[in-house]
Amino acid sequence: CKAFPLSRENMLVCTVGEFNVFPGASNVIAGYSNFSIDIRCKDDTMREEVVDLVRVSLKDIAARRSVDCNIETKHNAESCQSSPVFTESLRKGIIGAHSFA
């Protein structure tokens with residue numbers, strides 16, 4: 001995500017939410033795994049572009065390794081801005097709780 005143009009300005013964030021491998025035993029090659037990726041951005045068009053690039057990349061990697069890859073969207077929502085009152089209140093609470101100057 002960091003390499004994507006304007007990622008910082010548009011607050012683009014990509015994180016792994018969860019990762020499961022089956023069977024989860026030592027010295028055993030996994031037969032199945034699943035994971036979630038959270039992609040957030042204040043620019044919906046940019047977020048959709050990144051989601052598409054991740055999908056294509058995962059499919060390409062799976063094809064090169066001769067494994068199946070099923071991609072399922074669990075949640076998709078438009079970005080929204082937080083209330084300025086809420087944002088300022090949160091900022092003051094963080095500063096107060098951690099004694100930041």
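In this structure, the side chain of Ser83 engages the main chain of Val85 through a donor-acceptor pair within 3.5 Å. With hydrogens and angles ignored, the 3.5 Å screen pairs no side-chain donor or acceptor of Lys42 with any backbone N or O of Ser79. Within the 3.5 Å criterion, the main-chain N or O of Thr87 finds no donor-acceptor partner in the side chain of Ser82.
Within a 6.0 Å sphere centred on CG of Asp52, other residues, nucleotides and ligands contribute more than 12 heavy atoms.
Between Asp43 and Thr45 the shortest heavy-atom distance is OD1-N, 2.9 Å. Of all non-hydrogen atoms in Ala77 and Asp44, the two that sit nearest each other are O-OD1, 4.5 Å. Between Ala62 and Cys69 the shortest heavy-atom distance is CB-CB, 3.5 Å. Annotation for Gly17 and Asp38: closest pair CA-OD2, 3.9 Å, computed over non-hydrogen atoms. In this structure, Arg47 and Ile39 approach most closely via the heavy-atom pair CD-O, 3.3 Å.
A 4.5 Å side-chain heavy-atom check between Asn20 and Tyr32 finds every atom pair outside the cut-off.
To the nearest 0.5 Å, atom CD of residue Glu48 and atom CG of residue Leu53 are 12.0 Å apart.
Neither Ile61 nor Ile37 shares a network with the other; the hydrophobic side chains, linked directly or stepwise wherever heavy atoms of I, L, V, M, F, W or Y lie under 4.5 Å apart, form separate groups for each. By the rule that hydrophobic residues join a cluster once side-chain heavy atoms approach within less than 4.5 Å of another member, Ile71 and Phe19 end up as members of one cluster. If you chain together hydrophobic residues whose side chains sit under 4.5 Å apart, Leu12 and Leu58 fall into the same group.
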Practice item. Please lay out, stage by stage, how Val50 and Cys41 fare under the test side-chain contact (heavy atoms from CB on, under 4.5 Å). Key: CA-CA 10 Å; Val50 172; Cys41 186; over 6 Å; no

Check your understanding: When you look at Thr15 and Val13, which way does the side-chain contact (heavy atoms from CB on, under 4.5 Å) test go after all the steps?
Key -> CA-CA 7 Å; Thr15 58; Val13 178; 3.9 Å; yes

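Taking the charged nitrogens against the carboxylate oxygens, Glu72 and Lys74 do have a contact shorter than 4.0 Å, which makes a salt bridge.
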